[in-house]
Peer 1: 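Below you'll find the structure I mean.
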Amino acid sequence: MKVEVLLFASYRDRAGVDSLALEVEDGATAGAVVDRVRENLGGGEALPPRVAIAVNERHASPGTILHDGDIVALIPPVSGG
Amino acid sequence: MSIPLVHVGPEPIDVMALQAAVRSDADGAVLLFTGLVRNHNEGRAVHHLEYQAYDAMAERELAAIVEEARSRWQVGRVGIHHRTGRLGIGDPSVAIAVASPHRAEAYEVSRYLIEELKRRVPVWKREGYADGSTEWVRGCLHEAAHDHG
């Protein structure tokens with residue numbers, strides 16, 4: 001199944017892209033997507049051990065099960081306001 | 001009122017319009033908080049800021065924070081606008097307007113909104129310095145698993 005991965009701020013800068021499409025197996029978790037980014041994208045090794053994740057604009061955990069078409073965002077530590 | 005109460009976007013913030021948008025005849029107070037770009041941070045001179053947001057999720061989170069506040073305190077309408085893109089010194093980056101029958105609750109809600117925004121809304125700030133270099137400001141790691149659901 002296909003998911004879209006969104007990157008922001010320092011994660012985006014290091015990877016050199018703001019989004020990418022990933023092919024993952026059925027039942028893959030959000031954490032597995034983070035691991036793929038960690039292993040394959042520029043700056044992946046600089047990701048912190050715990051990466052905050054959102055799935056379809058809602059906070060999620062590494063164990064969150066994904067579905068076809070889901071949008072997975074890797075959320076760096078926030079600094080708004 | 002025609003302006004949305006919750007908005008994240010690059011347009012300059014119209015703080016007076018936001019204040020007017022929340023007011024109703026039942027309100028004895030309208031409290032406005034404006035966050036501005038200042039010219040220093042942690043001992044460094046700041047030239048400008050750039051804000052990046054996960055716009056859709058940031059608006060969703062801001063709306064959720066507003067609903068949390070309105071369920072805890074008796075207030076009227078609440079508006080919150082966060083600006084994105086490049087901002088200069090003195091520009092408003094965020095405005096929060098709270099209308100309330102009584103002022104005590106307005107102060108509580110205004111404070112709650114800015115503190116929660118800074119803790120968990122997906123917006124990121126990059127500082128720009130006079131020498132042209134930039135740096136993402138170290139942010140707040142949101143404990144997503146703890147707050148999920």
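Every value quoted in this text rests on a predicted model; they were computed, and no experiment measured them. The chains referred to below are lettered A, B, ... by the order of the sequence lines, with proteins before strands, and numbering in each begins at 1.
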Peer 1: Any sub-3.5 Å donor-acceptor pair from B:Trp124's side-chain atoms to A:Pro76's backbone N or O?
Peer 2: yes

Peer 1: Is it the case that the side chain of B:His82 and the backbone of A:Gly81 share a donor-acceptor pair, with hydrogens and angles ignored and the cut-off at 3.5 Å?
Peer 2: yes

Peer 1: For residues A:Met1 and A:Ile53: do they belong to one hydrophobic cluster (side chain heavy atoms under 4.5 Å, members Ile, Leu, Val, Met, Phe, Trp, Tyr)?
Peer 2: yes

Peer 1: Should A:Glu57 and B:Glu61 count as side-chain neighbours, where that means a heavy-atom distance under 4.5 Å?
Peer 2: no

Peer 1: Should the heavy atoms of other residues, nucleotides or ligands under 6.0 Å from CZ of B:Arg111 be counted, would the total exceed 12?
Peer 2: no

Peer 1: Quick one: closest heavy-atom pair of A:Val78 and B:Arg120, and the distance?
Peer 2: CG2-N, 4.0 Å

Peer 1: Tell me which of these, B:Gly35, B:Ser93, B:Ala56, has more heavy-atom pairs under 4.5 Å with chain A than the rest.
Peer 2: B:Ala56

Peer 1: Are B:Ile13 and B:Val123 connected, step by step, through hydrophobic side chains (Ile, Leu, Val, Met, Phe, Trp, Tyr) whose heavy atoms are closer than 4.5 Å?
Peer 2: no

Peer 1: List the steps, then state whether side-chain contact (heavy atoms from CB on, under 4.5 Å) holds for A:Arg58 with B:Met57.
Peer 2: CA-CA 7 Å; A:Arg58 287 181 170 79; B:Met57 184 177 173; 5.9 Å; no

Peer 1: Identify which part of B:Val121 has an atom lying under 4.5 Å from any heavy atom of chain A, answering side chain, backbone, both or neither.
Peer 2: backbone

Peer 1: Counting only heavy atoms from other residues, nucleotides and ligands, does the tally under 6.0 Å from CE of B:Met16 exceed 12?
Peer 2: no

Peer 1: Do you know which two heavy atoms are closest between A:Pro77 and B:Gly139, and how far apart they sit?
Peer 2: CB-C, 3.5 Å

Peer 1: Can you pull out the residues in residues 27-49 of chain A with any heavy atom less than 4.5 Å from chain B?
Peer 2: none

Peer 1: Does any backbone or side-chain atom of B:Tyr54 lie under 4.5 Å from a heavy atom of chain A? Answer side chain, backbone, both or neither.
Peer 2: both

Peer 1: Report whether B:Val75 and B:Ile80 are members of the same hydrophobic cluster (ILVMFWY, side-chain heavy atoms less than 4.5 Å apart, transitive linking).
Peer 2: yes

Peer 1: Go through the atoms of B:Ala64 and report whether side chain, backbone, both or neither lie under 4.5 Å from a heavy atom of chain A.
Peer 2: neither

Peer 1: Taking 4.5 Å as the heavy-atom cut-off, does anything in residues 4-13 of chain A contact chain B, and if so which residues?
Peer 2: A:Leu6, A:Phe8, A:Ala9, A:Ser10, A:Arg12, A:Asp13

Peer 1: May I ask you to name which of A:Gly63, A:Ala54, A:Gly80 has the most heavy-atom pairs under 4.5 Å with chain B?
Peer 2: A:Gly80

Peer 1: Check for me, please, whether A:Ile75 and A:Ile71 land in the same ILVMFWY cluster - side-chain distances under 4.5 Å, paths through other members count.
Peer 2: yes

Peer 1: In this structure, would B:Val98 and B:Phe33 fall into the same cluster of hydrophobic residues linked by side-chain contacts under 4.5 Å?
Peer 2: yes

Peer 1: Considering only heavy atoms, which portion of B:Val94 lies under 4.5 Å from any heavy atom of chain A: side chain, backbone, both, or neither?
Peer 2: side chain

Peer 1: More than 12 foreign heavy atoms under 6.0 Å from CD of B:Gln74: is that the case here?
Peer 2: no

